[in-house]
Amino acid sequence: MAATVNKSPKLTMATGQLSGERLVELYRTMVLSRYLDERVWLLNRQGKAAIAASAQGHEAAQVACIEATDPSKDHYLTYYRQFTAMLALGTEPEEMLRSFLAKDGELMSAARQFPLHGAHPRVDLFNFSNVIATQLPQAAGVALADKLRGSDAVTIVYFGDGAASQGDTHEAMNFAGIHKLPIVFFCENNRYAISVPLSMQMAVDSVASRAVGYGFPGVQVDGTDVVAVYEVTRAAVSRARAGKGPTLIEASVERLLPHTTDDDHTRYRSAEDIEQMSRRDPVKITSETLRRRGLLSEVEDEAIHAEAKRRVNTATDTVDAEPYPGVETMFDHVTSDSARKRDGIS
Amino acid sequence: MAATVNKSPKLTMATGQLSGERLVELYRTMVLSRYLDERVWLLNRQGKAAIAASAQGHEAAQVACIEATDPSKDHYLTYYRQFTAMLALGTEPEEMLRSFLAKDGELMSAARQFPLHGAHPRVDLFNFSNVIATQLPQAAGVALADKLRGSDAVTIVYFGDGAASQGDTHEAMNFAGIHKLPIVFFCENNRYAISVPLSMQMAVDSVASRAVGYGFPGVQVDGTDVVAVYEVTRAAVSRARAGKGPTLIEASVERLLPHTTDDDHTRYRSAEDIEQMSRRDPVKITSETLRRRGLLSEVEDEAIHAEAKRRVNTATDTVDAEPYPGVETMFDHVTSDSARKRDGIS
Amino acid sequence: MPEQTVIEAVRDTMRAEMRRDETVILLGEDIGNRGGVFLATDGFIEEFGADRVIDTPLAESLICGLALGAAVNGMRPLAEIQFADFVWPAINQIVGEAARVRYGTNGLKTAPLTIRVPYGGGVRGGLYHSQSVEVLFAHTPGLTVVAPATPYDAKGLLASAIRSDDPVIVLEHKRTYRLVKGEVPAGDYTVPIGRAEIKRPGSDMTIVTYGLMLHYALQAAEAASEQGFDVEVLDLRTLRPLDSDAIAESVSRTGKVLIVQEDTPAVSISSEVAAIIGERCFFDLDAPITRLTPPEIPPMPFSPLQEAAFMPSPEKILAAITKLAEL
Amino acid sequence: MPEQTVIEAVRDTMRAEMRRDETVILLGEDIGNRGGVFLATDGFIEEFGADRVIDTPLAESLICGLALGAAVNGMRPLAEIQFADFVWPAINQIVGEAARVRYGTNGLKTAPLTIRVPYGGGVRGGLYHSQSVEVLFAHTPGLTVVAPATPYDAKGLLASAIRSDDPVIVLEHKRTYRLVKGEVPAGDYTVPIGRAEIKRPGSDMTIVTYGLMLHYALQAAEAASEQGFDVEVLDLRTLRPLDSDAIAESVSRTGKVLIVQEDTPAVSISSEVAAIIGERCFFDLDAPITRLTPPEIPPMPFSPLQEAAFMPSPEKILAAITKLAEL
Ligand SMILES: Cc1ncc(C[n+]2csc(CCOP(=O)(O)OP(=O)(O)O)c2C)c(N)n1
Ligand SMILES: Cc1ncc(C[n+]2csc(CCOP(=O)(O)OP(=O)(O)O)c2C)c(N)n1
Ligand SMILES: [Mg+2]
Ligand SMILES: [Mg+2]
């Protein structure tokens, strides 16, 4: 099979198969994500959220990718930066905050794990660990199971440019290629792995070029362009659902904030670099494009912002007041046999 | 940098930079290798050699590769199938047999390890373990050290088509590309990893195609063609020595025997497949070509065979009579601090 | 009852479980047409097809990651690591990931996968085909680790492992595969995970052991009985969770213990057994806790005399019994 | 003498060793312009250049494999694993390869590399930024494992590690980095590998511990002294090889032992310490061997109350002291 690296054909925004209404909906999620994300950062500064990784700059890529999938059956293996994807899949702001504040009733792991790690109770989204790239072989296994049982579900696995260097990434793509698995490898390339720039991560400037060695297509796409990302993902998902095998999508995005709340990117990014990447803010770009295309008025845009702000405030008030999980449940679910708990002296 | 996969331009034998004399010398080593290899297999069947992996079918690729390097300074990270390379680097038949028979004075590991594992005392050749692909990151480290100290030594690292699937292989090539390390990745692709055929190992038909994703050249070459292998290796070694970075060479060879003495390849190779691969015996091919080109007479060829047989017989007699290592030395070299031995009750 | 070798019991059990439950799929290197390097899956690809008997690429992290992914998506994968020595690349997927899926999702996901790991020495395997790899697995909360030593236990524990909703590591000693024969009921049964078994009752001292060493211990105990020492032999069978009740009961009763293992001693199963005894049997012990293990060198030299010197043997165990009896 | 935190001692020691020996090179993620996530290499790339302070791709097996390759080719690489939780992908290169280079080549090659591994919990790190990873390393012949708890030992043991001709794992407890201050001589010194140290002498019982727990044990011992119990605190400092003489000497003298560790108990350092005591101190023990550890759950929950319940604390240690004193 010919494997090619294509620059995404459309880098300008066109409505394509997405209705104007859906586009505005996606934008609404992006704005909500942005406000909530900012709030989480603030809660960290207030000492309430122990750590956070932000999706600021990745919002367009994430909403567009989810939009091209079918949450009723598809599988999502995320990593820590899938903040916007979580919202796009219907996670409530309260649920998100509970995760960051490690409060009782936390959605994905009962607050045993870092925010947004664990498994989602309503869609098949999971993120078992902080350990970079482990999700890729797992995703291949998920897709293999679907293939064996003849399901037409598709597995979407997310990872960063840094994750592309791990052996697990190679092993997973190689296997997916051999077995033509129904899987989409979705790389959010923000050109940094914490402080390590892409040029120190790989000698090529495209993660997608790796697909050549695995016998399936690799596509680069502008990750600030909702429609472009939607289109390449839709094509990849259809391909996978039709049994034609994997696609590697590389969405070029910006990491607008430092790596996490523990990081200070001025230590390693030049002022110029920071200035330049700020111009690729997908929320702004999407707003401008929607307005330019007459899909969104200034008033509507303001209403979207106001609504997002309101939801974030309400959620903050609710969750801030909630208790932490007590200690009695910490022994649950170590193994299926609860008798296998062995109490320490603690 | 443009990374290309080239089919080796010359698949027919031409003397190129190799003198006729050297060609005959390489052939002499191949013949010696073949006889010794057969002998080892026999010694296994006699219960004297616990296990052996054969280089039969890989001889041309191995002698030609070594010929293109400088044993006085280059580094060789081998795997278990580098039988011919060992001879090409001056290892004596007695030393080889001592390794297979695990006799006292064994060259590379004092018979602690499987045959031909450990380190060579006279050239910088080593093979620390049986664990597939671990040598690739190590080789990158060796090459990194040379680069940092400004040495012009080149590192040659050998691996099979199966090894190409390991994460370590990816990680090593990626790093070598980023740092333009003086290294040659030499893949002996015999289309099988024990019983697993290439089509189950990768979705592409060329390991060399992977180089595209690492930013350096990948070259396929007919591994039964001494001159062709010599030429691509010489080019890769010069490139590395000149500081221009890595090359991935993929030599197409045949594994004429089962994987090891423990294997029976009729379980998984068709009679047709076995018949076809036998026609690519590099010893026969080289002999025919040398004769056709007038570089070798029938009498000379017979003398080479007779001499090889004689050396192998002498070596067998010598080593067969030697003792196994005693137990007193088994505690040596666990760490640098010999006081850290802790005796068990044994 | 029919007699089988360990490898026959393993093969029959896998076949039976695959017939019983079609979500059981096999993943590993050379398990297809080759039938596995130990022929554990001989004939499987013919019966179950290449969909359920998957020859993977040469990549152990992949094998275990795939198994984990398939497990959380409705399958019961049974992975084979060709030799225990090659399990290290997969540690991240096993210890870091699979072990914590249930805990880290508060039970939203489970990982019912089994990993068969042929291990152990005395087979002229040298440094990279002889290793014992139990330590880290036995340490890790969330994992289950079994190490059957007899054909009967191999069948019963493998069936329990495959049917378990947790990730289970099955350590099969390579040397027992063809060496050890025993009676194996033809019908379906399981051996419970987490239960040690007294393989030979005795009153003068307890040998705690597992794997190949069980057989050497039984031989030594037999020889000791001729010298008048009545040695109990406790087979751990499961290494996580250890059956500390059985250990404490036996050692408290006999008053003396010799822990025998093939693995090197520092921070090992023998250490934990000793700790359990030190915590629970203190007032009943008549002698120091003793261990018989190989020396602290990398397991294990390829050359034959050194390999023999490395491995515990019935003779070495007998000598240790005699010494302990006199304390 | 100047006071320093642990992280300052680590940083100064690395800098001094790099100035002293130009074959010392650093490999790790974010160690360059970022200066390391804990700022252990803050300012290094400016002083030593990108040739000696190498920001690697995100690949731990690579990092350790590179370090090993450079080590056998004349360098003394000092690798950083960003968090211990991410060392699992590198196990094959460390435990499978580096540990056996000297043995497997009969001394023809040596692997003088050091791997710094920030580990441990109590930092709201959850399941993947809190782990203790010592068990497998401490089990493996050929490796050396140190776990300094004070700035003084951090400097002395790191210098010993870098200068050692063997692969050394340096376990630095993240929580001690900024929490623990102590006097550190400005000049060159080393702390010998393989020697435990009595950090507080006492006569009624011995606490054997290491890492962050040393400080909690010292606090508990202080509090216990007010209740009239004179507790000795032995800091293991090196986890492989364990200083069994020091353990046996102290426990034989005091007659009682409490082993305290942050890692979960099964098959752990505490197990081996217990085994050593059970073998060597039997006739001098006045009470069962006791251990204080977290429970057998995956280390460790992110939520604050559960994390606190998981970790041993000075209060829990004091309670265990009181209980043991009354036995
Ligand atoms: C195996 C492993 N090594 C190191 C880390 C520490 N770490 C966390 S995120 C990160 C960078 C990841 O970069 P990338 O994959 O590009 O994702 P991004 O954060 O840029 O979205 C690193 C090194 C980790 N989590 N896992
Ligand atoms: C990590 C690892 N997994 C599995 C094995 C068992 N094994 C030994 S050789 C081999 C096949 C290697 O095939 P390839 O790399 O093509 O080399 P070839 O033997 O064909 O030259 C396998 C699976 C191993 N040695 N190491
Ligand atoms: Mg990134
Ligand atoms: Mg091959």
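Heavy atoms only: backbone and side chains are in, while hydrogens, waters and symmetry mates are out. Naming convention: chains lettered A, B, ... in sequence-line order (proteins, then strands); numbering from 1 in each chain.
- Residues B/E106 and C/S303 have side chains that never bring a donor and an acceptor to within less than 3.5 angstrom of each other.
- How far CG of B/D161 is from CG of C/L58: 9.0 Å, rounded to the nearest 0.5 Å.
- Residues that satisfy the side-chain contact (heavy atoms from CB on, under 4.5 Å) test with B/A119, not counting sequence neighbours, are B/F126, D/T105, D/L108, D/K109.
- For the atom pair CD1 (B/I194) and CG (C/D55), the distance works out to 10.0 Å, reported to the nearest 0.5 Å.
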Subject >> From CA spacing to verdict: side chain to side chain contact (heavy atoms under 4.5 Å, CB included), C/I297, B/H333 >> reply: CA-CA 9 Å; C/I297 67 176; B/H333 294 300; over 6 Å; no
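- Heavy atoms only, all atoms of each residue included: B/Q201 and C/P57 are closest at OE1-CA, 3.1 Å.
- Using a 4.5 Å cut-off between heavy atoms, B/Y192 does not touch chain C at all.
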**OP:** Report the C-alpha separation of C/R124 and B/I51 in whole Å, then their side-chain angles, then the decisive distance to 0.1 Å, and conclude whether the side chain to side chain contact (heavy atoms under 4.5 Å, CB included) test is met.
**Re:** CA-CA 9 Å; C/R124 295 297 308 282; B/I51 185 157; over 6 Å; no
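- Salt-bridge check for B/D264 with C/R34: failed, with every basic side-chain N at 4.0 Å or more from each acidic carboxylate O.
- Applying the side-chain contact (heavy atoms from CB on, under 4.5 Å) test to C/E315 and every residue at least two apart in sequence or in another chain returns C/S313.
- For the atom pair CG (B/D262) and CZ (C/F38), the distance works out to 8.5 Å, reported to the nearest 0.5 Å.
- Contact annotation for B/T134: neither backbone nor side-chain heavy atoms come within less than 4.5 Å of a heavy atom of chain C.
- If you measure heavy-atom distances from C/L39 to chain B, the contacts under 4.5 Å come from the side chain alone.
- A distance of 9.5 Å separates CZ in C/F310 from CZ in B/F331, rounded to the nearest 0.5 Å.
- Only the backbone of B/A163 comes within less than 4.5 Å of a heavy atom in chain C; its side chain stays farther off.
- Residues satisfying the ring pair (Phe, Tyr, Trp, His ring centres under 6.0 Å) criterion with C/H129, sequence neighbours excluded, are B/F114, C/F83, C/F86.
- Against chain C, the residues from residues 320-328 of chain B that qualify, each with a non-hydrogen atom under 4.5 angstrom away, are B/Y324, B/P325, B/G326, B/V327 in number order.
- Atom CG of B/D104 sits about 9.5 Å away from atom CG of C/L305, to the nearest 0.5 Å.
- Top candidate by heavy-atom pairs under 4.5 Å with chain C, chosen from B/A111, B/A50, B/A102, is B/A111.
- Formation of a donor-acceptor pair under 3.5 Å by the B/Q113 side chain with backbone atoms of C/L127 is not found in this model.
- Contacts between B/I132 and chain C at a heavy-atom distance below 4.5 Å involve the side chain alone, from C-beta outward.
- Contact annotation for C/D30: both backbone and side-chain heavy atoms come within less than 4.5 Å of a heavy atom of chain B.
- Proximity of B/V131 to C/E60: side-chain heavy atoms (C-beta onward) are nowhere separated by under 4.5 Å.
- Residue B/E272 places its CD atom among 12 or fewer non-hydrogen atoms of other residues, nucleotides or ligands, all under 6.0 Å distant.
- With a 4.5 angstrom heavy-atom cutoff, C/T56 touches chain B only via backbone atoms.
- Crowding of B/D205 atom CG: a count of heavy atoms from other residues, nucleotides or ligands under 6.0 Å not exceeding 12.
- Only the side chain of C/V37 comes within less than 4.5 Å of a heavy atom in chain B; its backbone stays farther off.
- The line from CZ of B/R112 to CE of C/M300 is 14.5 Å long, rounded to the nearest 0.5 Å.
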